[in-house]
Amino acid sequence: MSFDRSIKIAPSILSADFANFGEEIRAIEDQGADWVHVDVMDGHFVPNLTFGPPAVKAFRPHVKTFMDVHLMISPVDPYIEAYAEAGADMITAHVEAGPHIHRTLQAIKAQGVKAGVALNPGTPVEAISDVLDLADMVLVMTVNPGFGGQKFIHSGVEKTRRVREMIGDREIHIQIDGGVTPQTAPLVAEAGADVLVAGSAVFKGGSVQAAEVYGANMQAIRDSISS
Ligand code: DX5
Ligand code: ZN
């Protein structure tokens, strides 16, 4: 498949009904989600706990699009194989999560899945300049990771622009994660992002019974960019 830099929406199931993941995933995909973003937290790298490999494996058969697994864990290397075997299409690791991001990205690629590298708001873009050739995606965090529903950190807009320049014509996606709304989406899209993670902005006000709200929320983000 040719590389696609058009805008993609990746709802984070961190904001879904935790008792009903299968139907929640179906609902967001039916309503036009491009990817499904799975936030993995370890209570150590970030102050929250979410999904181990068995949970991700249980999500897998429900995801018809692309399962993007964001690992907010440290250490990360011992768990890469388990998340790949659970069915991740892409595994993203944080540059801050260990001393050897190059080795981590090599290990992800060795599993035959796409590799993403994430930058926290406090980490300069230079931290990834020497690993870009191993990356299929750069994730620019626009909140400090750990929770949904936080306020967008605006320094991420200029950072996105610098990442976009650094990437040049390489086929590397730029993903934004944290505080994406119809107000902030156009800023990062204009700066060069193409994958927008959104948790609360997609799920707010909706449910599997009222899935059209998810669709309207996603459309509001798309409309904010094209207008
Ligand atoms: C934060 C997670 C995000 C989070 C985004 O640590 O990585 O994916 O779910 O949630 P919102 O869109 O509500 O900021
Ligand atoms: Zn995330």
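We count residues from 1, following the sequence as given. Start at 1 and go down the list; that is how both ligands and their atoms are numbered.
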### Query
Considering only heavy atoms, which of Pro145, Ala198, Gly179 lies nearest to atom 14 (O) of ligand 1?
Gly179
### Query
If hydrogens are left out, which of Thr142, Thr184, Asp177 has an atom nearest to atom 4 (C) of ligand 1, that is, the closest non-hydrogen atom?
Asp177
### Message
Does Arg170 have more than 12 heavy atoms from other residues, nucleotides or ligands lying within 6.0 Å of its CZ?
### Response
yes
### Task
Kindly state whether the ring of Phe51 and the ring of Tyr83 have centres lying under 6.0 angstrom apart.
no
### Those atoms of ligand 1 less than 4.0 Å from some heavy atom in Met72
6 (O), 7 (O)
### Message
Among all the protein's non-hydrogen atoms, which is closest to atom 6 (O) of ligand 1, and how far away is it?
### Response
Gly146 N, 2.7 Å
### Message
Students should be able to answer this: which protein heavy-atom is nearest to atom 10 (O) of ligand 1, and at what distance?
### Response
Gly148 CA, 3.5 Å
### Message
Could you check whether any side-chain N or O of Asp68 sits under 3.5 Å from a backbone N or O of Val36, counting only pairs where one atom can act as donor and the other as acceptor?
### Response
no
### Task
Look at the side chain of Asp194 and the backbone N and O of Ile174, then say whether any donor-acceptor pair between them is shorter than 3.5 Å.
yes
### Query
Are any side-chain N or O atoms of Glu81 and backbone N or O atoms of Gln111, one a donor and one an acceptor, separated by less than 3.5 Å?
no
### Query
Which atoms of ligand 1 have any heavy atom of Phe147 under 4.0 Å away?
1 (C), 6 (O)
### Message
Whether the side chain of Ser15 engages the backbone of Ser200 through a donor-acceptor N/O pair (distance < 3.5 Å, no angle test) should be reported.
### Response
yes
#### Entry: Atoms in ligand 1 flagged as close to Val197, the criterion being non-hydrogen separation under 4.0 Å
8 (O)
### Query
If you count the atoms of ligand 1 from 1 in the order shown, which ones are under 4.0 Å from a heavy atom of Leu14?
9 (O)
## Note on the structure
Vertex the Zn ion (ligand 2), ends Asp39/OD1 and His70/ND1: angle to nearest 10° comes to 90°
### Message
Please list, in number order, the atoms of ligand 1 under 4.0 Å from a heavy atom of Asp39.
### Response
2 (C), 3 (C), 4 (C), 7 (O), 8 (O), 9 (O)
### Task
Find all atoms of ligand 1 within a distance of less than 4.0 Å from any non-hydrogen atom belonging to Gly178, and give their numbers and elements.
14 (O)
### Task
Measure from atom 9 (O) of ligand 1 to every heavy atom in Gly199, Ser12, Gly149 and give the option owning the shortest one.
Ser12
### Message
Test of geometry: compute the angle NE2(His37)-the Zn ion (ligand 2)-OD2(Asp177) and round it to 10°.
### Response
100°
#### Entry: Per-atom contacts of ligand 1 with His70, taking only distances under 4.0 Å to non-hydrogen atoms
7 (O)
#### Entry: NZ/Lys57: more than 12 non-hydrogen atoms of other groups inside 6.0 Å
no
### Query
Is there a donor-acceptor pair under 3.5 Å between the side chain of Thr184 and the backbone N or O of Gly179?
yes
### Message
I'd like to know if the side chain of Gln175 reaches the main chain of Met137, judged simply by a donor and an acceptor atom lying under 3.5 Å from each other, with no hydrogens or angles considered.
### Response
no
#### Entry: Ligand-residue contact atoms, ligand 1 with Ser200, heavy atoms, under 4.0 Å
11 (P), 12 (O), 13 (O)
### Query
Within a reach of under 6.0 Å around CZ of Phe147, are more than 12 heavy atoms found that belong to other residues, nucleotides or ligands?
yes
